[in-house]
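What follows is a set of notes on a single structure, which appears directly below.
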Amino acid sequence: MSVDYSPLQEIIDGGMILNAPMKQYTTWKIGGPADCLIEPKNSEDIVAVVRFAREHQVPLFVLGNGSNLLVSDDGIEGIVLHCGDSLAQFSFAEVSDDTVLLTAGSGALLTKMARETAKRGLAGLQWSVGIPASLGGAAIMNAGAYDHCFYEVLSAAEIVTENGETARLSGDELGWSYRHTALMDRKAIVTGVELRLTKGDRDELMKTVDETIKLRREKQPLDFPSAGSVFKNPEGSHAGYLVELTGLRGMRVGNAEVSEKHGNFILNKGDCTAKDVLTLIDQVRREVKQAQGYDLVPEVKLVGRF
Ligand SMILES: Cc1cc2nc3c(=O)[nH]c(=O)nc-3n(C[C@H](O)[C@H](O)[C@H](O)COP(=O)(O)OP(=O)(O)OC[C@H]3O[C@@H](n4cnc5c(N)ncnc54)[C@H](O)[C@@H]3O)c2cc1C
C-alpha cells in the first residue's frame, strides 16, 4: 500500500523520517526500514498521528527505546511513533514532608531517572538502573528486576487512546501483573508518567545504584547488542536456568548466539538478522520443551513484516 505521508509533516511540530533504518532504533541493532518514523514533540502531535493513521488505515506502532523488540529484516509497514528524546522532559514537586512526585515525558530513560533521583536523595527507582527502557516502555511492560517493578512507584499515566483522545489514568485503572498491564490491554500510547518517590539518604541511594550496576555487569553479557531476557520466566522456574540446563549456551544460528554468560540472552555477534534470531529462538524453545517440559514464551516482541 503506498501512502503519501507528507501532509502529516505539515500538521505536527515533531520530525518525520521516511524509510527509517530500524536497526538504529533497537538495542539488538536489528531491523529493516520503517515506512515512516515520527518523532513527536508533544501529545498534540501524537493525537494527530493517531488520527492520520486511522483515517488512512495505516498500521501504527509505538516505539520506546527499542530494548524489547525484534524488528523484521523486511522492516515495518506504516508509521512508527517514536516516543524518545523529544518527549524526555521531567520535573519534581514536593507533595509532603517525605514524598516527591516526578512528572516525566514517556521518552525519558529509566536508567537516567534512576541516577537522577538517587542524586536528589529520592528513593523508588534505584533497582531499575541498567534497564535500557524509556519510561513509556517501562510503564507498558511493567519493567522489573530484583523483586521490584515499575508499578510500585507509578501513580498516574497520561495517555492517548487508540481513538486519538487524551486521558489520565490513576489508581485502579493502572492494573498490572508480571510483565502485563492494563495500559497494554487498552492499547494506550503513554505520553507521560507520574512517579511517587520517597525521600531517602542520598549516599545510600547512590551506593545502591553502583551496586546494582556492578551486579548487572557481573551477571549479564553487556558487550554485544541484545534485547535483555528473550523469554519470560515460567511459573516456578527461570528461563535462563532452563536454557543452561539443556546445554544450549553458545548455540548459534548465523551471527545470533545464546550467551555463554546468561542463558536467557541472545547476542548479535555482528550484522545478525532477525531471521537468525527467530530461528534460534524456535530451536531453543523446541529443545527446552523436549528436555525440561517447559514451554518458554518470548518476552521480546516481534514487530514488522514477519
Ligand atoms: C541489556 C538489557 C537488560 C534488560 N533488563 C531488563 C530487566 O531487568 N527488566 C525488565 O523488565 N526488562 C529488561 N529489559 C527489557 C526492556 O528494557 C524492557 O522490556 C522495557 O520495558 C522496554 O522499554 P522500551 O522503552 O525499550 O520499549 P520498546 O522495546 O521500544 O517497546 C516495548 C513495547 O512497549 C511498547 N511501548 C514503548 N513505548 C511506549 C509508549 N510510550 N506507549 C505505549 N507503548 C509503548 C511498544 O509498542 C512495545 O510493545 C532489558 C533489555 C536489555 C537490552
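For clarity, every value in this text was computed on a predicted model and none was experimentally measured. Start at 1 and go down the list; that is how both ligands and their atoms are numbered.
Between His262 and Phe265, the ring planes are tilted. Angles from 30° to 60° get that label.
Using a 4.5 Å cut-off between side-chain heavy atoms of Ile, Leu, Val, Met, Phe, Trp and Tyr, Met22 falls into a hydrophobic cluster with Ile17, Tyr25, Leu37, Phe61, Leu63, Leu69, Val71, Ile76, Val80, Val303. Clustering of Ile, Leu, Val, Met, Phe, Trp and Tyr by side-chain heavy atoms under 4.5 Å joins Val209 with Val129, Ile213.
Protein residues with a heavy atom under 4.0 Å from ligand 1 are Thr27, Phe61, Val62, Leu63, Gly64, Asn65, Gly66, Ser67, Asn68, Leu69, Cys83, Ser106, Ile131, Pro132, Ala133, Ser134, Gly136, Gly137, Ala138, Ile140, Met141, Ala143, Gly144, Ala145, Arg179, Ala188, Ile189, Val190, Arg216, Leu222, Ser226, Ala227, Gly228, Lys301.
A salt bridge links Glu257 with Arg252: at least one charged nitrogen is closer than 4.0 Å to a carboxylate oxygen.
For Phe224, there are no ring pair (Phe, Tyr, Trp, His ring centres under 6.0 Å) partners, not counting sequence neighbours.
Between Ile189 atom CD1 and Leu183 atom CG the span is 11.5 Å, to the nearest 0.5 Å.
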